[in-house]
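Here is the structure we will look at, set down as structure tokens.
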Number of protein chains: 2
Amino acid sequence: MALTDDAIARIRGMISSGELPPGARLPPEPQLAAQMGLSRSGVREAVKVLESARVLDVRRGDGTYVTSLAPRLLLEGLGVAVELLRDDTLLEVMEVRRLLEPVATGLAALRMTDTQLDELARILEDMRAAADDAEKLIGFDTAFHHTVVASTGNETLTSLLAGLSGRTLRARVWRGLIEANAAHTTIDEHHAIYLALRSRDQLLAQASALMHVNTSEAWLRTVLAAKAADV
Amino acid sequence: MALTDDAIARIRGMISSGELPPGARLPPEPQLAAQMGLSRSGVREAVKVLESARVLDVRRGDGTYVTSLAPRLLLEGLGVAVELLRDDTLLEVMEVRRLLEPVATGLAALRMTDTQLDELARILEDMRAAADDAEKLIGFDTAFHHTVVASTGNETLTSLLAGLSGRTLRARVWRGLIEANAAHTTIDEHHAIYLALRSRDQLLAQASALMHVNTSEAWLRTVLAAKAADV
DNA sequence: ACTATAGAGACATCGGACGTTTGCCGTGGT
DNA sequence: ACCACGGCAAACGTCCGATGTCTCTATAGT
């Protein structure tokens, strides 16, 4: 199993060493194969792996290029990984969010601009208007938290939290929420977070975010327990 | 580019739907190819991608199996992603650690067992004994923080922080530390964390961890600045 | 100067062949 | 009855060559 994996490692090495900077173009597959001493098939597998990791960008008919290597791209894989976690480990993910979201929201309280606060208010309105449409609620919920975290200006943090709050996870929580007619309570929690951010109160922002994650965790437990009972 | 990516998505779907539970064996490559309507080459690329993501385990001469899907495996990719981040985004990573490590250490203060505390003490001794060997120091440093975070019992959290504290990043920080003869100061910081954990003082644990990350960040800045000046 | 088109280059996919490794099972001996 | 050995079959690893399809570019024509 050495050949293809070697190729992966070598290409990665060329990138991290700076030999292949972001945007650089790789040699054509046949040439790359010759250069690394393996067949084109092996090179293709290696390239495919790096493409799926958003390290390479393969453009058919054109060539293969190194991506920008932005955190947003490289950390995208975290999301798909979390989607595959089994139910019993989703509570671990939730605990990480419980640790990270409050402090991240607290940091946002220090850095959020008025424009961003206005956008939050708009999303909050959208949320209230869509209080019975699960799909829309999930979308606005995602937008709300994304806006908050993005205001820290830390793309790595934003991508990380986005990955931890995968669509599947969110959908499960909201399903529990809506079925129990508790959507308005959760929307109020968002409002509390908004108020804390608006007043740039770091501690209050932390606290309100913790309350919110805690609620989410509780509903996730409910949903998971219901599913376990089904089986 | 649809065929291979479709295959990836389909296999992932079969896994998350429960059709292929952890440990399950996939059909042989030729059969899988027929079943999904593409050639063996395409299947191999798809399998390789999922293997690199630690979703599949390919055993030559035997067959292909679904891994345990444990967080430790699936989040392993985070580490390699972080290794490829460019220098200017490493500070973002450090900021995430600055947010996450203190609260994680605080949680550890509540959950650490006496046995684990004893192990910490042992690592601390090793560290003092190896105060001039960069390689060893990095190893003990990694072991120290791993032991602390692992005591939370949250494998997801542990893997996440491990990924954020990649070997390269650690090596850079320690290089700066040792060159400036500041290794002993950092070892003292570890001692402070240990004392806080030993007394099960959550707030003190948080504070000492923050001090420590802050020091690391400062040294990282120094190293990065020196490198930038070189160029 | 602009546009349409033809060609070259590059990736996408396929099919088959051969090597190597692994696991299993039957055989034979103890 | 148990164990060690050997051989077979299955499965992955690697390679090769051919063909399809898409992009970009340079050329020719208006």
Assess the residue pair B:D5 and B:R10 against the criterion (salt bridge (Lys or Arg N to Asp or Glu O under 4.0 Å)); give the C-alpha distance rounded to whole Å, side-chain angles, the decisive distance to 0.1 Å, and a yes or no.
CA-CA 8 Å; B:D5 289 301; B:R10 275 216 258 173; over 6 Å; no
Just do the salt bridge (Lys or Arg N to Asp or Glu O under 4.0 Å) check on B:E76 and B:R72 with the steps written out, would you?
CA-CA 6 Å; B:E76 196 182 302; B:R72 165 179 15 102; over 6 Å; no
Report the C-alpha separation of A:K48 and A:E51 in whole Å, then their side-chain angles, then the decisive distance to 0.1 Å, and conclude whether the salt bridge (Lys or Arg N to Asp or Glu O under 4.0 Å) test is met.
CA-CA 5 Å; A:K48 189 78 192 173; A:E51 185 198 14; 3.4 Å; yes
Check step by step if salt bridge (Lys or Arg N to Asp or Glu O under 4.0 Å) holds for B:R128 and B:E125.
CA-CA 5 Å; B:R128 285 224 164 81; B:E125 277 179 40; over 6 Å; no
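Atom CD of A:E45 is separated from atom P of D:dC12 by 12 Å (rounded to the nearest Å). Atom NZ in A:K48 sits about 7 Å away from atom P in C:dA12, given to the nearest Å. Between the P atom of C:dT22 and the CG atom of B:D62 lies a distance of 10 Å, rounded to the nearest Å. Between the P atom of D:dG17 and the CZ atom of A:R44 lies a distance of 17 Å, rounded to the nearest Å. Atom CG in B:L3 sits about 11 Å away from atom C1' in C:dC14, given to the nearest Å. Between the P atom of C:dA12 and the CG atom of B:D5 lies a distance of 9 Å, rounded to the nearest Å. One can place CD1 of A:I8 at 12 Å from P of D:dG13, the figure rounded to the nearest angstrom. The CD atom of A:E29 sits 10 Å away from the P atom of C:dA10 (whole-angstrom rounding).
In terms of heavy-atom proximity, A:T147 sits nearest to A:M112 at O-CE, 3.9 Å. Nearest heavy atoms, A:V148 versus A:A108: O-CB, 3.4 Å.
Near DNA chain C, defined here as any heavy-atom distance below 4.0 Å, the residues from residues 30-43 of chain B are B:G37, B:L38, B:S39, B:R40, B:S41, listed numerically.
Test B:R59, B:R60, B:R54 against B:D57 for salt bridge (Lys or Arg N to Asp or Glu O under 4.0 Å) and you get one pass: B:R59.
Among the duplex regions that DNA chain D forms, those built from at least three successive Watson-Crick or G-U pairs under 3.5 Å are C:1-30 with D:1-30, ordered by first number.
B:H190 and B:H212 have perpendicular rings, their planes meeting at more than 60° on a 0 to 90° scale where under 30° would count as parallel.
At the phosphate of D:dG13, neither OP1 nor OP2 sits under 4.0 Å from any side-chain N or O atom of A:T4.
Remark: the backbone N or O of A:P21 is not paired with any side-chain donor or acceptor of B:R86 at under 3.5 angstrom. At distances below 3.5 Å, not a single donor-acceptor pair connects side-chain atoms of B:R170 with backbone N or O atoms of B:I138.
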Produce the list of close N/O pairs, under 3.5 Å, pairing protein atoms with atoms of nucleotides 4-9 of chain D; give distances to one decimal.
none

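For A:T89 and A:E92, the side-chain atoms include no donor-acceptor pair closer than 3.5 Å.
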